[in-house]
Every structure is written in C-alpha cells, then in structure tokens.
Amino acid sequence: MTDHLSGLNPEQREAVEAVDGPLLVLAGAGTGKTRVLTTRFAHILLTGRAFPGQVLAVTFTNKAAREMRLRVGAMLGRPAEGLWLGTFHALCARMLRRHAELVGLTASFNILDADDQLRLLKQVMEADGLDTKRWAPPALMAVIQRWKDRGLPPDRITAAENTDFAAGRARALYAAYQARLRTLNAADFGDLLLHMTEILRGHADVLALYHRTFRYILVDEYQDTNLVQYLWLRLLAQSHRNICCVGDDDQSIYSWRGAEVENILRFEKDFPGARIVRLERNYRSTAPILAAASGLIAHNEGRLGKTLFPGRDDATGEKVSVTGVWDSDEEARAVGGHIEQLHRDGEKLAEMAVLVRAGFQTRAFEERLITLGLPYRVVGGLRFYERAEIRDAIAYMRVLHQPADDLAFERIVNVPRRGVGEQALRALHTTARERQIPLTAAAAELIEQGGLRGKPRAAIGDLLAGFARWRETLASEGHVVVLATLLDESGYTEMLKQDKSIEAPGRLENLKELVRALADFETLAGFLDHVSLVMENDENAEGDRVSLMTLHAAKGLEFDTVFLPGWEEGLFPNQRTMDESGAKGLEEERRLAYVGITRARRRVFISHAANRRIYANWQSSIPSRFIEELPDEQVAHAGSVALRRDRMLAAPSVFTGGFPLAARRPRTVEAWEQPARPPREDAIAVGARVFHQKFGYGIVTAAEDDKLDIAFDKAGDKRVLDRFVEKV
DNA sequence: AGGTTAGTAATTTTT
DNA sequence: TTACTAACCT
C-alpha cells in the first residue's frame, strides 16, 4: 500500500500525503517536483480517495502531461486512462466542446493557431479602415491576448484600459474580432480559457457539475499561471479546496506572456489555511553549482525564499567557470573546443547543452559544430506543424472536413498559384458577406451565376470540384489516402518539385512525414484537434547530439554540462526587457540566469565576449552584472586574467566602433584542433553532385582528406566535412 | 497576376 | 546581416 511512498524524503512525503485542503509545494530546481506530483496523484487513487476521472491534473506543456501520464500509469501498474490530465488549453477545449453553445459556438468549433489569429485580426482591422502599417496587427494581438490572459472579455474592458492602441479603438476591434470568431465557429487559444471561465462564472449548474466531478486538483508550474488560469482553477476548487499547486517563484520567466508570479506569492491569501511545503534538497547539481545559483538569485527581492542545498553526499565538484573572450567568434570556438575535449574524454554529446538568451545566438554555435563535425540539434525554432507546407496541407484537410472554414480556404485558394488574386478574392468576400455564407459556398454561387470570369473562374471551379472529389475519396479510402491524393492532384507536390530552392526537398520530406503522422489517428477530426493543441516537434531527438536552445526552452531539462555564452550587459540581461519592464524585468532576467545555471548537473561554463557583431557592425560590450553577482568562491575565472588585460589594451573605444580585422586574431588552443579521422569508404570524388542538410545541392570542386570544397547551387562556395554530404 | 525592388525592422513564445 | 513587406513594374 505504501510502496509508492518509499524513497521519498520527509518533505516530499509530506507533500504527497497532505491530500486534503489547499497545499502549495515550493519546489526548487531539481528537488523532485515531478516525482512528488505524480506520486501524489497515484497516492490519491491508490488510497481510494477518488477514481481516476475525479482528479484534475493540469500542466503547461504537452510534454509534461505526457510524462505525468506515463509515470502515474507506471505507479498504478496499468495504463492511466480516463484521466482529466492535460494542459490548461487541452482540458479547457475538452470542457468547452460540451458547453460550446453557451458562448455561441457549436461543439465542433475550430481552434485557431497564431497564424490564423493574426490574419483574422488583420482583416478586422482593415475592415475598420485602420492603417495596418501605422498600427501593427501583432501589437493589437498582444493587447488582446493580455486582456484574455486576465480573463477580460470585450465588455469588461474599462475606458482606462483602452487608451493604448490606435487612440482607443482597441476595445471595439477586440469586440469585432470576437464576433468574427463566433461567426467562423472558432476559438483562439486565449478563448479556450476565457470562454470556460465565463461559463463557470455565469452558469451555476455547469460549475456544480465540475464540482461534483473533480474531487482533487493538481497544478504543475503554478508560477507560470496567468490570471484567467488562476480564476479557472479557483472556480473549480472553491467547494472542496483540495487543490495542490507546485511551483517555484524563482523560475518564473514568462511574465511577458501574461504569467503572474503574484499568483504563487498570494496563494496563502487565496486559500486561507493553506499548507506550504518547501522542497529544497537538490539531487541534481554539485555544491558549487547550487551555491552559485543561490548566490545569484539572492539578489532578487520579493521572493518566497528558498535555499537549495545539496541532497547528494557526493555533491562536490568543479567551480563554475567564467571566461572572457575577445569576440563572439572566439566564444563559439572556445565552446566548440570544450565540447570536443569533453567528448574525447568520454562524455556524451547528449549530456551537453548550449543555452542562449535569444534564438539568433544559436547560429554561431551551429556553424562551429558543423565545422568540428559534432552532431547537434536545435531545440525550439519552428515546430513541425508551424511550417508553411504543413500548414498548407492541413488547411486543405480543414476545408475538406469543414467547408465553412474560411481561414483555411483563404490560405490555400491560391497555393499552388492558380491565378486567383486579390480581385477574385475580393469578389468572394463580398458575396460571402452579403449572403452570410462561407467563402466556398460564395465561390460556388459566383461561378454558377457568372460572377467570375477567365482564369480565376476556371481555377476556383477546378478547386471546388477537387474538394468534392476528395471528399468522396475521404469517405471511401480514409483520411491518410486522401491527403496524399490531394497533395498530388492539387499540384502542391508538383509545385515543390519545381521549386529549386534549398528548402524544397526538405519540405517534401515533411509532407511525407505528415502523411505518416496522419496514420496514427482514427479520424480526421481527431487529427485536426491534435494539430491545434499538441504542436510538437520531436525530430532529431534521437542520437548523441549537443543541444542548442534558448534559456526559456531549457526550463525543466537537465544536462551534465551546460554552456552559458553571451553573458553581456544588453544581451543578458536583455536591454529591451529592462527598458520595457525596469527592475521587474531585470529580476526576471536574473531568474532566467538562475534557470540556466540550475540545468547543470556537473559543469557550468559561462562566457562573455568583449565584442559582438550586431547585424552588420561590431559593438563592444561589458560583462553581465550577473557575473559579478555570482559568489566569488564558487567561480573560476578561466584564462580571463590575460584576456582582461588584453582587452584593456586592445579593446576599441566605444566611440570609434569598429577596429581593424587584424586585431581580431583569436588565441585558439591547439588542443581543440580537429582530430584526424579515417577517410570514409565511399569517398566522394571531385565533380560529384552532393546534398548538404544546410546548404542544399552542389558540385564538389576539390577534395582533401575528409574536407570537400563544394560549389553549392544556392549557398555559394563552402568547405565542409564529407560526412555531412551525401551523393545524389 | 505575379515578379522585382526598395525600405524597414530585428527577444524570449509551454498552448 | 537577413527577412519580410509594400509599392512598383511587366
């Protein structure tokens, strides 16, 4: 009976066993947070307090939800089914489909992604006669999203709130946007929470239904909740108050997305009599890493206050290394060299990560790793379902499934090019608006009545006939076959085959992958919901590779070795954050630094460059204040003494800007040089046509050992290692 | 309708 | 520097 409790430390055990009443678990980095949460879940079920369907477990990411499901299942000894376990958005979508009519939608409403949202909003703004050059749609989108984050529908926006955008037109535009969503039978991400909260607030019977259903509530990453998520939780928890929130105020790094740390700081006030358990024993990192992280985060005010201490006896280890380098190129070389050295000493590449403040920083490291021949993966970036070709294919499927999906139809009506331009589209829109019918219906009508002529008429007619045909294929052959058919018959694959750009072959591959992915779903509707809610991107996950990602993307992960480059004022802490959010922004940047350091089990390498290229020109920069804030005794300034003096002598004046290239001679350590490798067997000869993952197709112009000079069709002349190309 | 060019802007982004 | 958009040309 208590099997699942063995191996927990006293605090963890307390957090698991305090089942009744409100509980806040303050879980520092690496203190077994997930373990507590899953064990608590299993404990509730195993002690017979609730059936699986009576526990509501909320996470932020699909990944976290998947992991929890897996681990709960393992503890129960059977697959965990029938659980209300998922992300805020997925759970709300599931609930909202039951009560959609209460907010003017039907159960089969569409969930729009960021792209659709923006296009729709832009249309609304243009319809209102707003100059979208002067007033950027993304800016208004952000305003609207912040309102939704705070649980505010248009009618609850006060005049005082409404001054920011386009001289007070934001509220009216918001209302118009919501009206458009309703006519399209669609909801955006924010709506899932907003609608559900409104329903729970306004319909006592629905609220009572969920009070009866959910006897226990578990919440992960509570520090990242926004106001509407908090309201939703509070409504659901208000009768029994069996709510357990797990979080770490020191890891709150999403305030710019509407997250409010105050939610966690206020927990005791919101739930009087709440118990608070602190998890401070860290089982992940060495003592110096923990001390460095703690020393840094201590500079923040307004914390609930936790101190991480080593939970392992063997937690001695290397000091945190801080290195100053001349410029960003040297930084990339140094990091690459360290990675290579560690790899040669037997460390796994998959146990190393380079964590940067902003996405563009990964490029320098990518290039360096390519040169060194070290495999890597970039985490984040464009997700699979966000790629243009995938979104196009899905748009076709959406129209197939739901002919009234105007946004999807608009996306593909001229992709591939069919000669349908602005004119034709405007005619469709006009008819659709006048007759209050969807675009596809308007198109059919216009063709019938001769409202369209020439090329557009034939093209749109063909497309509509195509959809009719594909709908039959869907009925007879199923959704997997229809996608392949449709891509061929619409000319989409042909378009990509004709496309000579570097990306085209990859795009075709992605579409094949999409067809494969589609086979995992029983129905088209199920697949489309998955696409909206579970945008994930797992390719490249396999194999021993170095990880490159932003600090934000690294939250929740851990590695033996972590590289933290670019610790310079302006870049990290980021100037724009400080300009926009002042002292609060700085504290969030510091938490980001804290997250970065605490990702490491054994080694942390921080570096800062004296010169960095920003767009076209070089700029000199000074080390991040966070470096000074690290406790001295935990830090080893590797090689920086000489470099510091060097920098003082050679650094260009801020006023002169650039400096002669000759001064930029890096001091690359010899040991980092490329090790000799045996030549590969299927050696590629001069004149061979090859394909490179990053540079595309090209012709080999020279070969020397394992290095090839290649004239790429698009990317120009490059020298690359032979194992990165394949013969075609 | 579609391709070309000039001008502008450039974090982080769990869903 | 690059990437994207809006105006401009064919």
Side-chain angles (χ1 to χ4, degrees), chain A residues 58-67 86-93 111-114 117 122 131-134 136-138 141-142 145 148-149 187-194 220-221 223-226 228-229 251-259 328 355-364 379-383 385-386 414 416-425 454-456 459 529-537 549-557 566 570-581 585 588-589 591-593 595-596 612-618:
Chain A
V58 198
T59 64
F60 270 84
T61 62
N62 291 299
K63 198 175 153 206
R66 209 180 316 124
E67 188 179 340
T87 63
F88 276 100
H89 297 267
L91 292 166
C92 277
I111 299 167
L112 301 190
D113 61 27
Q117 287 173 41
K122 196 175 171 197
D131 179 6
T132 49
K133 226 168 81 182
R134 170 104 198 274
M141 196 75 249
Q145 269 166 0
K148 289 187 176 181
D149 288 341
D188 68 17
F189 278 113
D191 282 344
L192 297 174
L193 266 301
L194 183 65
D220 193 12
E221 306 277 18
Q223 77 283 350
D224 288 335
T225 50
N226 59 35
V228 72
Q229 288 162 337
Q251 291 188 69
S252 164
I253 54 176
Y254 282 107
S255 75
W256 49 273
R257 263 187 110 259
S328 39
L355 309 182
V356 296
R357 175 65 243 266
F360 70 84
Q361 290 173 265
T362 56
R363 224 191 66 205
V379 180
L382 256 202
R383 276 179 275 276
Y385 290 118
E386 285 171 12
N414 200 31
R417 293 250 142 89
R418 307 189 163 89
V420 179
E422 226 179 300
Q423 297 270 332
L425 206 55
K455 213 174 172 189
D529 236 26
H530 170 86
V531 172
S532 315
L533 290 166
V534 194
M535 302 254 258
E536 55 192 338
N537 162 37
M549 68 189 100
T550 64
L551 287 158
H552 284 91
K555 195 168 83 155
L557 306 177
L571 184 60
F572 190 43
N574 186 272
Q575 192 59 49
R576 191 152 151 191
T577 299
M578 291 190 290
D579 290 346
E580 280 170 11
S581 312
E588 184 149 317
E589 293 287 299
R591 290 195 289 269
L592 208 42
V595 167
R612 191 167 289 275
R613 189 169 25 198
I614 308 283
Y615 311 127
N617 40 344
W618 290 85

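If you're wondering where the values come from, they're calculated on a predicted model, not measured in any experiment. Every chain is numbered from 1, with letters handed out A, B, ... down the list of sequences. What's counted below: heavy atoms across the whole structure, side chains too, no hydrogens, waters or symmetry copies.
Distance from the side chain of A:Arg576 is smallest to B:dA10 among B:dT15, B:dA10, B:dT13. Nearest nucleotide to the side chain of A:Phe189, out of B:dT15, B:dA10, B:dT12: B:dT15.
A:Gly556 comes within contact range of no nucleotide atom at all, as no heavy-atom separation falls under 4.0 Å. Note on A:Glu580: a base of the nucleic acid sits closer than 4.0 angstrom, heavy atoms only.
Whole-Å rounding puts the A:Phe360 CZ to B:dT13 C1' distance at 16 Å. One can place CZ of A:Arg591 at 19 Å from P of B:dT12, the figure rounded to the nearest angstrom. Rounded to an integer number of Å, the gap from A:His89 NE2 to B:dT13 P is 16 Å. Counting to the nearest Å, the P atom of B:dT13 and the CD atom of A:Glu386 are 11 Å from each other. Separating the CZ atom of A:Phe88 from the P atom of B:dT15 is a distance of 13 Å, rounded to the nearest angstrom. Across the protein-nucleic acid pair, A:Glu588 atom CD and B:dT12 atom C1' stand 9 Å apart, rounded to whole Å. Counting to the nearest Å, the C1' atom of B:dT15 and the CG atom of A:Leu91 are 12 Å from each other. Distance, A:Arg363 CZ to C:dA3 C1': 12 Å, rounded to whole Å.
A:His89 contributes no side-chain N or O that, together with a main-chain N or O of A:Leu533, makes up a donor-acceptor pair within less than 3.5 Å. The backbone N or O of A:Asp113 sits nowhere less than 3.5 Å from a side-chain atom of A:Asp188 that would complete a donor-acceptor pair. The backbone N or O of A:Ser252 lies less than 3.5 Å from a partner atom in the side chain of A:Arg591, making a donor-acceptor pair. Between the side chain of A:Asp579 and the main chain of A:Arg576, no donor-acceptor pair closer than 3.5 Å is present.
Where A:Ala358 and A:Arg257 meet DNA chain B, the nucleotide closest to each residue was compared, and A:Ala358 sits on the side nearer the 5' end.
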Restricting both atoms to N or O, compile the protein contacts to nucleotides 1-3 of chain B shorter than 3.5 Å, with distance only.
| residue | atom | partner | partner atom | Å |
| --- | --- | --- | --- | --- |
| B:dA1 | OP1 | A:Glu422 | N | 3.2 |
| B:dA1 | OP1 | A:Gln423 | N | 3.3 |
| B:dA1 | OP2 | A:Gly421 | N | 2.8 |
| B:dG2 | OP1 | A:Gly419 | N | 3.2 |
| B:dG2 | OP2 | A:Asn414 | ND2 | 3.2 |
| B:dG3 | OP2 | A:Arg417 | NH1 | 3.0 |

Review item, nucleotides 5-10 of chain C N/O atoms under 3.5 Å of protein N/O:
none

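When the side-chain nitrogen and oxygen atoms of A:Thr550 are compared with OP1 and OP2 of B:dT13, one or more of them lie within a distance under 4.0 Å.
A:Phe572 is linked by a ring-ring contact (aromatic ring centres under 6.0 Å, His included) to A:Trp567, A:Phe626, counting only residues two or more places apart in sequence or in another chain.
Using a 4.5 Å cut-off on side-chain heavy atoms (C-beta onward), A:Gln229 and A:Val58 make no contact. Under the 4.5 Å side-chain criterion, counting only non-hydrogen atoms from C-beta, A:Thr59 is not in contact with A:Glu67.
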_Go through it in stages, so that I can follow the logic: the residues are A:Leu193 and A:Lys148, the test is side-chain contact (heavy atoms from CB on, under 4.5 Å), and I'd like the CA-CA distance, side-chain angles, deciding distance and then a yes or no._
CA-CA 8 Å; A:Leu193 266 301; A:Lys148 289 187 176 181; over 6 Å; no
*Please walk me through it: do A:Cys92 and A:Phe189 pass side-chain contact (heavy atoms from CB on, under 4.5 Å)?*
CA-CA 10 Å; A:Cys92 277; A:Phe189 278 113; over 6 Å; no
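Comparing the same atom, P, in C:dA3 and in B:dT12 gives a spacing of 14 Å after rounding to whole Å.
Per the stacking criterion (ring centres < 5.5 Å, plane angle < 30°), A:Tyr254 does not stack onto the base of B:dT13.
In this pair, A:His552 and A:Trp256 present their aromatic rings perpendicular. The plane angle is above 60°, beyond the 30 to 60° band.
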